[in-house]
Novice: 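Once you've had a glance at the structure underneath, I'll fire off some questions.
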Amino acid sequence: MSGAAPWPGLAAWVESRRPTGGRTVAIIDGGSGAGKTSLASRLADDLGAQLVSLDAVYPGWHGLAAAQQWLPGIIAGEGHPTWDWEHHCRSGWVDVPADGDLVIEGCGALTPASAALSTATLWCELDAHTRKRRALERDGDGFRPWWDVWADQEHDHWRRHQPWRLARLVLPMPA
């Protein structure tokens, strides 16, 4: 997703959900390759918010559900561990202030627990064929052998949490 934002006014819509005197917490979910990271980066820049990408939190290719466990703490300002994908181990810690605006994106980010703590929830909708093509073009051989493992975890998340139903805004993503 390059060039002009495909949703003019998205940042204003997210801001309009901020409680008086409170902070913005936007959660963006969708399947791998849907465009969540690009959208979240742009939105965080527009809002002046801290961006948390679950790609930094997942503890490896089997870690979607494990990363979900960190969501309430991330939103509360407890921070989160980071994962070194090259060495397959925990690699550090990221502080997340409890009072700053926050955009969290990633597969599995939108659960009943995270939705209850957020001010704006978004689901990025894109067909499976296009998502797979985009994800494998982006990550190539690093992702290719893990696609099915990851897709199974996404499907489990979708079956259990139906994140598109938790979203206040469903965005059809450009292919």
Side-chain angles (χ1 to χ4, degrees), residues 1-58 64-65 67-80 94-135 138 150 153-155 157-175:
M1 293 176 48
S2 59
W7 301 278
L10 182 60
W13 179 85
V14 169
E15 277 289 310
S16 74
R17 270 102 189 113
R18 175 197 301 267
T20 303
R23 70 183 190 142
T24 296
V25 177
I27 307 289
I28 302 173
D29 199 341
S32 185
K36 299 175 302 301
T37 302
S38 297
L39 177 67
S41 179
R42 187 176 300 127
L43 183 60
D45 285 348
D46 289 349
L47 297 173
Q50 181 170 352
L51 175 61
V52 173
S53 176
L54 291 186
D55 286 349
V57 181
Y58 304 124
L64 189 146
Q68 289 175 328
Q69 302 300 314
W70 287 96
L71 290 167
I74 292 169
I75 295 168
E78 297 171 9
H80 65 84
V94 174
D95 291 322
V96 177
D99 58 351
D101 292 338
L102 187 60
V103 175
I104 300 172
E105 69 85 16
C107 299
L110 188 49
T111 67
S114 66
L117 299 171
S118 70
T119 60
T121 53
L122 299 92
W123 173 259
C124 296
E125 184 69 41
L126 188 63
D127 69 275
H129 175 76
T130 304
R131 289 188 308 96
K132 183 175 183 177
R133 178 186 50 79
R134 287 172 45 168
R138 177 192 66 210
W150 193 254
Q153 292 172 87
E154 288 179 331
H155 290 228
H157 164 60
W158 299 342
R159 181 186 53 74
R160 289 178 37 231
H161 300 297
Q162 300 181 359
W164 55 90
R165 291 189 176 186
L166 297 170
R168 291 189 180 145
L169 186 60
V170 174
L171 298 171
M173 301 301 283

Novice: Examine distances only and state if a side-chain atom of Glu105 and a backbone atom of Ala40 form a donor-acceptor pair shorter than 3.5 Å.
Specialist: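 Checking the backbone N and O of Ala40 against the side chain of Glu105, no donor-acceptor pair under 3.5 Å is found.
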Novice: Are any side-chain N or O atoms of Arg134 and backbone N or O atoms of Gly33, one a donor and one an acceptor, separated by less than 3.5 Å?
Specialist: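 Side chain of Arg134 to backbone of Gly33, a donor-acceptor pair under 3.5 Å: yes, one is there.
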Novice: Shortest non-hydrogen contact from Trp158 to Gly31?
Specialist: CZ2-CA, 3.7 Å
Novice: Please check: side-chain N/O of Arg131 versus main-chain N/O of Ser32, any donor-acceptor pairing under 3.5 Å?
Specialist: yes
Novice: Between Ser38 (side chain only) and Gly35 (backbone N and O only), is there a donor and an acceptor less than 3.5 Å apart?
Specialist: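 No, Ser38 side chain to Gly35 backbone: no donor-acceptor pair under 3.5 Å.
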Novice: More than 12 non-hydrogen atoms from neighbouring residues, nucleotides or ligands closer than 6.0 Å to CZ on Arg133, yes or no?
Specialist: yes
Novice: Any side-chain heavy atom of Leu54 within less than 4.5 Å of one from Leu71?
Specialist: yes
Novice: Regarding Asp29 and His157, is there a side-chain donor-to-acceptor distance under 3.5 Å anywhere?
Specialist: yes
Novice: Do the side chains of Ile27 and Ile75 get nearer than 4.5 Å, heavy atoms only?
Specialist: yes
Novice: Examine distances only and state if a side-chain atom of Thr111 and a backbone atom of Ser114 form a donor-acceptor pair shorter than 3.5 Å.
Specialist: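 Such a contact is found between Thr111 side chain and Ser114 backbone.
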Novice: Would you mind reporting whether Val94 and Val52 have side-chain heavy atoms less than 4.5 Å apart?
Specialist: no
Novice: With a 4.5 Å cut-off on side-chain heavy atoms, are Cys107 and Gln153 touching?
Specialist: no
Novice: I need the minimum non-hydrogen distance between Tyr58 and Ala67, along with the two atoms involved.
Specialist: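 Answer, listing the atom of Tyr58 first, then Ala67: CD2-CB, 3.4 Å.
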Novice: Mind checking whether Gln162 and Trp164 have side chains closer than 4.5 Å, heavy atoms only?
Specialist: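 Of all side-chain heavy-atom pairs linking Trp164 with Gln162, at least one is under 4.5 Å.
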Novice: So which atom in Cys124 and which in Lys36 form the shortest heavy-atom distance, rounded to 0.1 Å?
Specialist: SG-CG, 4.0 Å
Novice: Does Leu122 reach the side chain of Leu10, with side-chain heavy atoms less than 4.5 Å apart?
Specialist: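 They are in contact (side-chain heavy atoms under 4.5 Å apart), so the answer is yes.
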Novice: Please check: side-chain N/O of Gln68 versus main-chain N/O of Ala113, any donor-acceptor pairing under 3.5 Å?
Specialist: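 No, Gln68 side chain to Ala113 backbone: no donor-acceptor pair under 3.5 Å.
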Novice: Please check if the side chain of Thr121 supplies one atom and the backbone of Arg168 the other of a donor-acceptor pair under 3.5 Å.
Specialist: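 Side chain of Thr121 to backbone of Arg168, a donor-acceptor pair under 3.5 Å: yes, one is there.
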Novice: Distance check, rounded to the nearest 0.5 Å: Trp13 atom CH2 versus Leu43 atom CG?
Specialist: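 One gets 9.5 Å once the value is rounded to the nearest 0.5 Å.
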Novice: Name the residue from Thr119, Val25, Thr24, Leu47 that meets the side-chain contact (heavy atoms from CB on, under 4.5 Å) definition with Arg18.
Specialist: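 With Arg18 as partner, Thr119, Val25, Thr24, Leu47 yield a single side-chain contact (heavy atoms from CB on, under 4.5 Å), made by Thr24.
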Novice: Nearest 0.5 angstrom please: Asp95 CG to Glu78 CD, how far?
Specialist: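 Output value for this atom pair is 11.5 Å.
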Novice: Can you give me the closest heavy-atom contact between Val14 and Ala120, atom names plus distance?
Specialist: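 So the minimum-distance heavy-atom pair works out to CG1-CB, 4.0 Å.
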Novice: Return the minimal non-hydrogen interatomic distance between Ala109 and Ile28, and the atom names on each side.
Specialist: CB-O, 3.8 Å
Novice: If you compare all heavy atoms of His161 against all heavy atoms of Leu110, which two are closest, and at what distance to 0.1 Å?
Specialist: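 Closest approach of His161 to Leu110: CB-O, 4.2 Å.
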